[in-house]
Amino acid sequence: MRRTHTCCELGANDAGAEVVLMGWVQRRRDHGGVIFVDLRDRDGITQVVFNPEVSSMVHEKAHVLRSEYVIGIRGKVEKRLEGMANPNLKTGEIEVFATELNIFNAAETPPFMIEDNVDVSENVRLKYRHIDLRRTLLQKNIINRHRAAASVRQYLNSRRFIDIETPVLTRSTPEGARDYLVPSRVNPGLFYALPQSPQIFKQLLMIAGFDRYYQIVKCFRDEDLRADRQPEFTQIDMEMSFVGEDEVMDIAQGLMVKLFKDVLDIDLNVPFPRLSYEDAVGRFGLDKPDIRFGLELVDISDIVEKAGFKVFSDAVNKGGKVKALNAKGCLNFTRKEIDDLADFVSVYRAKGLAWIKVHEESWQSPIAKFFSDEEKEALARKIDMQAGDLVFFVADQPKVVDEALGHLRNLLGKKRGLIQENTFSFVWVTRFPLLEYDENEKRYQALHHPFTAPLEEDYDLLEKDPLSVRSRAYDLVLNGSEIGGGSIRIHQKNLQERVFEALGMDRKTYEEKFGFLLSALDSGAPPHGGIAFGFDRLVMILCGQSSIRDVIPFPKTQKAACLLTNAPSEAGKAQLEELSLRIKKL
RNA sequence: GGGGGUGUAGCUCAGCUCUGGUUAGAGCGCCGGCCUGUCAAGCCGGAGGUCGCGAGUUCAAGUCUCGUCACUCCCGCCA
C-alpha cells in the first residue's frame, strides 16, 4: 500500500480515481449498515465510507475502528450526491469508498478530543503534548513557524548574510540574566554556561571579517517565566559590519515586510515610525508603546507643583512627577470600576489613582477642591478636558508614574475597544539610556548590554553623568510588544574600557572577563551592529496567539518543567560523581 | 521571593461562600445494543469518583481552618 494523496487534496475532479489515503481516525459514525470515518492527516480531513455493498469484508473490519487509530485505505473517489456535500470540508464534495483497510495501529482513547474549540487545562495538554499537537490549531501554528523561519532565511540569504553556528557550551558572563550552567566532567569544578545570546560570538565574527551573519538560534535564560517568556527560546540573530543604525533598521524592516507577506500575505508600510526612548516613555509611559491608539499621557507637574494638593506637589518636589491620562468619554465609569483600576495600577507600585469626572458644568472628583480656578483652567487646557471625560492621575517617582499610567493606558485601550484587531503597528524606539542604576545592587547596569555604543555626542558624559548618556540601541515594538532589539556596538578598545568602567568594573575584572574581546577589538575590528528578534514572540503574533507556548512544540511550564518527559529530573549517583558534584540536602 | 485565579468522572464544569447533613451531579467522551447517508449522526442501556495531597475542627467535611503540591496570570526578575 502506497499513499497517493493527502487528506485535503481530493475534489470533484478526482471522481472515479482509485486512491490510497493514510492517517488518523478523527471520528467514526457507525450506522450499522454503513460506516463513515473522517480520516485526518496534517493537511486535512477526507470522509471515508465503508459500505457492505462495496466490500462486506472491509466493512466488517471497519467496525473496530476508534478515534486516533492509524489506518491506510484504498478506495474509489466518488462525487457526493446532490445535497450531501459538506461545505465545511475542503474535500467535502467527495468521499472515498474503501475497498481495502489496513490498520497500522490501534490507539487508546485519547485523554481529550482532538478539536480546536475544546479547551483543556494546560497541564493535561502538556502531559500529552504529542496528542495536543495533533489539533489543527497547533499544527497550523507550528507549520507557520516553519514558514516564518524559511522566509527569514530566504530574505537574509539573498542579502549576503551568512548562517553561522556559534557555541552552545560557552562561558558565563557577569552581566545580564541568570545563566544555565553545565558542569564540565573533564574540568572538575568548572562550568560552561548556555548562551543568553550569541552576542560576543557574532561580534567576533564581524571582527573575523564575515561582514554579515545570521542565525536562528536557541538562547537560554534562567529567569522566571511568563506567558511570553520561556527559559529556552529562539532568536533571529544578525550582525552587520560597516553600518550604522539606518542600515540595520532598513534590513530589519525589509525582513518584517517579507515575513508578513510570506506568512500572512499582508503588505506592511515602511519605514516604520521612530520614537526616541524619551518620547516613547513621555507620551505612552512604556518603552514598548502600543501606538494603535492615542490616549497619550500628559505631564502636568508644572501646573500642580505649587498646588494645594500635597500628594501632587510633594511628589514633584521630591523629584517625581504627576501625569494625567484622559479617558475620553469614560464619564460613566462606576465607582467600582475606578476602584478596580486603582487596584490595577497599585501592581506597578502606584500608591493611588486620582481622578476627575468632567461634567458639563462641574467636576466630580475627590481632589478638585484642592485646585484654584486658575490651576483648574490650566489643567483643563493642557489635558484637553471636555464634558464626558474621565481623567486619571498618578503622582510618584517618574518610573512609577510612567509604568502605572502606561499599563493603565493599555488596559483602557483594550477595555474601550480602541484597539483595532488585525492591525500590525510597528514602531522603532531609539536612543535608549546607556545605563540605569540598580537600586538593589547599588551600581550601574547596562540597559541593553555592555557592548552597546554610546551616542558620540554623549561620550563626555560617560564619566561626568553616566545616567544621561544615550546609546545607539534600538528596539522594534509591535502592537505594544517588544519583538526585537539591537544596537551599534563598540568597536574600539578604549571606548569599551570606558563603558566597562562606567559600569563600575575595575580593570582587573574586565580584563579577566572580557580580555579576549578587548584584544579582539584591538586586532582590527570594523564598525558593526546588529539586531535580534524574539522568534517565538514574532510567531505568536503572526499566529494570533496570546501565549508563546502555543507556537512552541514542546514548551515548559511556569516552573520550567517539561510535563511530557518530566524534565528536570534527578541525576544518578554515578553521574554526579563523574562531574564532581554533590547535592546539598535542604 | 510576593500577589491573584484554578484543581470534583477520561475531558469541560456544577455543587463549595452567606448556610457542613441521605447514595456527589450534568454535558461530551467511553463501553454494549439497535440502526445504510452521517459529517458535533440518532435512539436505548451501562460503566466510570482517593472531590489535588496532608493535617485539624466537628457526631458529621467536596463544603470550614491550616499546611502543602501542581497548573496559570501578574509583580519582582528577564544584559
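Letters go in sequence order (proteins before strands), and every chain restarts at 1. Only a predicted model underlies this, so the values are computations on that prediction, with no experimental measurement involved.
Within 4.0 Å (heavy atoms only), Leu447(A) reaches sugar-phosphate atoms of the nucleic acid but no base atom. Within 4.0 Å (heavy atoms only), Met113(A) reaches sugar-phosphate atoms of the nucleic acid but no base atom. Among the atoms of the strands shown, base atoms are found under 4.0 Å from some heavy atom of Gln558(A). Among the heavy atoms of the strands, none lies under 4.0 Å from Phe451(A). No contact: Thr173(A) has no heavy atom under 4.0 Å from any strand. When heavy atoms are screened at a 4.0 angstrom cut-off, Glu115(A) is found touching no nucleic acid atom at all. Pro110(A) comes within 4.0 angstrom of no nucleic acid atom, judged by non-hydrogen atoms across all strands. Among the heavy atoms of the strands lying under 4.0 Å from Phe97(A) is at least one base atom, whether or not backbone atoms are also near.
To the nearest angstrom, C1' of C39(B) lies 11 Å from CD of Gln26(A). Spacing between atom CG of Asp438(A) and atom P of G76(B) amounts to 13 Å, rounded to whole angstrom units. A straight line from CD of Glu93(A) to P of C39(B) spans 18 Å, rounded to a whole angstrom. Ile45(A) places its CD1 atom 14 Å from the P atom of C39(B), with the value rounded to the nearest Å. The interatomic distance linking His407(A) (NE2) with C73(B) (P) rounds to 16 Å, in whole Å. As rounded to whole Å, 18 Å separates atom C1' of C35(B) from atom CZ of Phe50(A). Asp343(A) places its CG atom 14 Å from the C1' atom of C74(B), with the value rounded to the nearest Å. One atom, CD of Glu223(A), and another, C1' of G1(B), lie 13 Å apart when rounded to the nearest Å.
Judged by distance alone with a 3.5 Å cut-off, a donor-acceptor contact links the side chain of Arg80(A) to the base of C39(B). A donor and an acceptor atom never sit less than 3.5 Å apart when one is taken from the side chain of Asn123(A) and the other from the base of C71(B). Under 3.5 Å, the side chain of Asp224(A) and the base of G76(B) form at least one donor-acceptor pair of N or O atoms. Residue Arg125(A) places no side-chain atom within donor-acceptor reach of the base of C11(B), judged by atom type and a 3.5 Å distance cut-off alone. Between the side chain of Glu95(A) and the base of G37(B), a donor-acceptor pair under 3.5 Å is found.
A sub-4.0 Å separation between OP1 or OP2 of C71(B) and a side-chain N or O of Thr557(A) is present. OP1 or OP2 of C35(B) has not a single side-chain nitrogen or oxygen of Arg29(A) nearer than 4.0 Å. Distances shorter than 4.0 Å separate some side-chain N or O of Arg66(A) from OP1 or OP2 on C31(B). Phosphate proximity of C73(B) to Arg229(A): absent, as no side-chain N or O sits under 4.0 Å from OP1 or OP2.
Side chain of Val34(A), nearest nucleotide from C74(B), G37(B), C39(B): G37(B). Of the listed nucleotides (A40(B), C75(B), U12(B)), C75(B) has the atom at the smallest distance from the side chain of Val347(A). Nearest to the side-chain atoms of Arg221(A) among the listed nucleotides C78(B), U36(B), C73(B) stands C78(B). When distances are taken from the side chain of Ser121(A) to each of A41(B), C78(B), U12(B), the shortest belongs to U12(B). Comparing atom distances between the Val120(A) side chain and each of U12(B), C39(B), A70(B) picks out U12(B) as nearest. Considering only side-chain atoms of Asn51(A), the nucleotide from C39(B), U12(B), U36(B) that sits closest is U36(B). Side-chain proximity of Leu89(A) to U12(B), C71(B), C39(B): nearest is C39(B). Checked against C30(B), G37(B), C75(B), the side chain of Ser67(A) finds its nearest nucleotide in C30(B). With G76(B), A41(B), C39(B) as the candidates, the nucleotide lying closest to the side chain of Glu403(A) is G76(B).
A gap of 42 Å separates the C1' atoms of C43(B) and G5(B), to the nearest Å. With both ends at atom C1', the span from G54(B) to A47(B) equals 31 Å, rounded to whole Å. Taking the C1' atom of each, U6(B) and G62(B) are spaced 15 Å apart, rounded to whole Å. Taking the C1' atom of each, U36(B) and A41(B) are spaced 13 Å apart, rounded to whole Å. With both ends at atom C1', the span from G67(B) to C28(B) equals 36 Å, rounded to whole Å. Across A9(B) and A26(B), the matching C1' atoms stand 11 Å from one another, rounded to whole Å. Here the separation of C71(B) from C66(B), taken at their C1' atoms, is 22 Å to the nearest Å. Spacing of P atoms, U8(B) relative to U63(B), comes out at 14 Å, to the nearest Å.
Where stacking is scored as ring centres under 5.5 Å apart with planes under 30°, His31(A) does not register as stacked on the base of G37(B). Using a 5.5 Å limit on the distance between ring centres and a 30° limit on the angle between planes, the aromatic ring of Phe36(A) counts as stacked on the six-membered base ring of U38(B).
In this structure, the side chains of Tyr437(A) and Lys442(A) come closer than 4.5 Å at one or more pairs of heavy atoms.
We find that Arg470(A) and Asp458(A) are joined by a salt bridge, their nearest charged nitrogen and carboxylate oxygen being less than 4.0 Å apart. Arg29(A) has a carboxylate O that lies under 4.0 Å from a charged side-chain N of Asp38(A), or vice versa, which qualifies the two as a salt bridge. Between Asp228(A) and Arg537(A) there is a salt bridge, with a side-chain nitrogen of the basic residue lying less than 4.0 Å from a carboxylate oxygen of the acidic one. Note on Arg221(A) versus Glu232(A): no salt bridge recorded, every NZ/NE/NH1/NH2 to OD/OE distance being 4.0 Å or above.
Place Gln199(A) and Ala227(A) on RNA chain B by their nearest nucleotides, and Ala227(A) ends up nearer the 5' end. Comparing Asp30(A) and Arg226(A) by the nucleotide of RNA chain B that holds the closest heavy atom to each, the one mapping nearer the 5' end is Asp30(A).
Between the side chains of Gln196(A) and Asp179(A), at least one donor N or O lies within less than 3.5 Å of an accepting N or O.
Here U38(B) sits opposite no nucleotide as a Watson-Crick or G-U wobble pair (both hydrogen-bonding atom distances under 3.5 Å). When both pairing distances are held under 3.5 Å, A70(B) makes a Watson-Crick or G-U pair with U6(B). Searching all strands for a Watson-Crick or G-U wobble partner of U65(B) with both distances below 3.5 Å returns A55(B).
Within a 6.0 Å radius of CZ in Arg42(A), no more than 12 heavy atoms belonging to other residues, nucleotides or ligands are found. Surrounding NZ of Lys61(A) are more than 12 heavy atoms belonging to other residues, nucleotides or ligands, all under 6.0 Å away.
For the salt bridge (charged side-chain N to carboxylate O under 4.0 Å, His left out) with Glu115(A), the qualifying choice from Arg135(A), Arg27(A), Arg134(A), Arg40(A) is Arg27(A), the only one to do so.
Scanning all heavy atoms of the two residues, the minimum distance from Asp550(A) to Arg125(A) falls at OD1-NH2, 2.9 Å.
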